[in-house]
Amino acid sequence: VQLQASGGGLVQAGGSLRLFCAASGRIFSSHFMGWFRQIPGKEREFVAGIRWGVGNTYYSDFVKGRFTISRDGSRNTVYLQMNSLKPEDTGLYFCARARRGYSTTPREYEDWGQGTLVTVSS
């Protein structure tokens, strides 16, 4: 599976962005799709994830109530709706696929998109 992330950009604090992750190839119901972000000087961290088949969602505490992950099976696309953005949300956002299911650990994801940059100004 190849993943293509898009939708990043520059937004003021309090604003919204919607990220897209388009997948080419088959995604099975047991697979888990995640969004991660990388901030300069920090390790890549889990933001949100969704189990492809049943749609169960998982969020890191720092985005709960602000971000929403969803998927569209007909388009093979995963979305990350980001509301109430804060300057500390600035970073490079990646989508990724884990074939063995739910994980917040980057090394357990086999396929990665190229990243899309989100910049939140204060």
Side-chain angles (χ1 to χ4, degrees):
V1 167
Q2 290 186 327
L3 303 174
Q4 179 78 30
S6 61
L10 173 64
V11 64
Q12 287 188 328
S16 299
L17 280 175
R18 194 182 198 199
L19 303 185
F20 304 80
C21 176
S24 61
R26 180 76 182 272
I27 302 176
F28 292 89
S29 60
S30 60
H31 293 173
F32 191 83
M33 301 298 294
W35 283 99
F36 289 77
R37 70 184 185 193
Q38 189 147 26
I39 298 168
K42 296 185 68 176
E43 293 186 353
R44 194 169 296 189
E45 59 184 355
F46 176 81
V47 175
I50 187 166
R51 197 175 302 276
W52 188 257
V54 298
N56 292 352
T57 58
Y58 304 82
Y59 299 94
S60 287
D61 287 343
F62 52 80
V63 303
K64 277 182 183 175
R66 300 189 298 126
F67 292 11
T68 302
I69 188 171
S70 60
R71 88 274 191 246
D72 183 338
S74 65
R75 297 177 183 270
N76 243 25
T77 299
V78 179
Y79 307 95
L80 185 67
Q81 178 66 42
M82 306 187 296
N83 299 329
S84 302
L85 282 161
K86 305 174 182 180
E88 52 264 42
D89 292 318
T90 293
L92 193 60
Y93 283 70
F94 298 87
C95 61
R97 181 184 70 158
R99 280 175 279 183
R100 285 173 287 183
Y102 171 66
S103 176
T104 62
T105 305
R107 67 175 178 270
E108 295 185 0
Y109 286 74
E110 295 89 357
D111 303 298
W112 291 83
Q114 83 288 3
T116 184
L117 182 63
V118 172
T119 305
V120 184
S121 63
S122 57

Only distances under 3.5 Å count here; give the side-chain donor-acceptor pairs of residues 79-88 to other protein atoms, sequence neighbours excluded, each with its distance to 0.1 Å.
unit_1: Gln81; atom_1: NE2; unit_2: Asn83; atom_2: OD1; d: 2.9
unit_1: Asn83; atom_1: OD1; unit_2: Ser16; atom_2: OG; d: 2.9

Where at least one partner belongs to residues 110-122, residue pairs that pass side-chain hydrogen bond (donor to acceptor under 3.5 Å, both in side chains), sequence neighbours excluded: Arg97-Asp111
Which atoms form the tightest heavy-atom contact between Trp52 and Asn76, and what is the distance? CZ2-OD1, 3.8 Å
Correct closest heavy-atom pair for Val1 and Ala23 would be CG1-CB, 4.0 Å
Side chains of Val78 and Ile27, heavy atoms from C-beta outward: is any pair under 4.5 Å? no
Determine all donor-acceptor pairs shorter than 3.5 Å in which one atom belongs to a side chain in residues 44-51; sequence neighbours excluded.
unit_1: Arg44; atom_1: NE; unit_2: Gln38; atom_2: OE1; d: 3.1
unit_1: Arg44; atom_1: NH2; unit_2: Gln38; atom_2: OE1; d: 3.1
unit_1: Glu45; atom_1: OE2; unit_2: Arg37; atom_2: NE; d: 2.8
unit_1: Glu45; atom_1: OE2; unit_2: Arg37; atom_2: NH2; d: 3.4
unit_1: Arg51; atom_1: NH2; unit_2: Tyr58; atom_2: OH; d: 3.4

Are Ile39 and Val63 joined in one hydrophobic group, where the rule is that I, L, V, M, F, W and Y side chains link up if heavy atoms are under 4.5 Å apart? no
Hey, quick one: are Val120 and Tyr93 part of the same hydrophobic cluster, counting side-chain heavy atoms closer than 4.5 Å, chains of contacts allowed? yes
Contacts of Arg66 meeting salt bridge (charged side-chain N to carboxylate O under 4.0 Å, His left out) (sequence neighbours excluded), chain-then-number -> Asp89
Can you give the donor-acceptor pairs under 3.5 Å from side chains of residues 98-106 to other protein atoms, not counting sequence neighbours?
unit_1: Ser103; atom_1: OG; unit_2: Thr105; atom_2: N; d: 3.0
unit_1: Ser103; atom_1: OG; unit_2: Glu108; atom_2: OE1; d: 2.7

Transitively linked via ILVMFWY side-chain contacts under 4.5 Å: Leu10 with Leu117? no
Within this structure, what is the CG-CZ distance for the pair Leu3 and Phe20, rounded to the nearest 0.5 Å? 15.5 Å
Taking side-chain hydrogen bond (donor to acceptor under 3.5 Å, both in side chains) as the definition, give me every residue that meets it alongside Lys42, ordered by chain and number, with sequence neighbours left out. none
Return the CZ to CG distance between Phe67 and Leu19, rounded to the nearest 0.5 Å. 8.0 Å
Ring centres of Phe36 and Tyr109 under 6.0 Å apart? yes
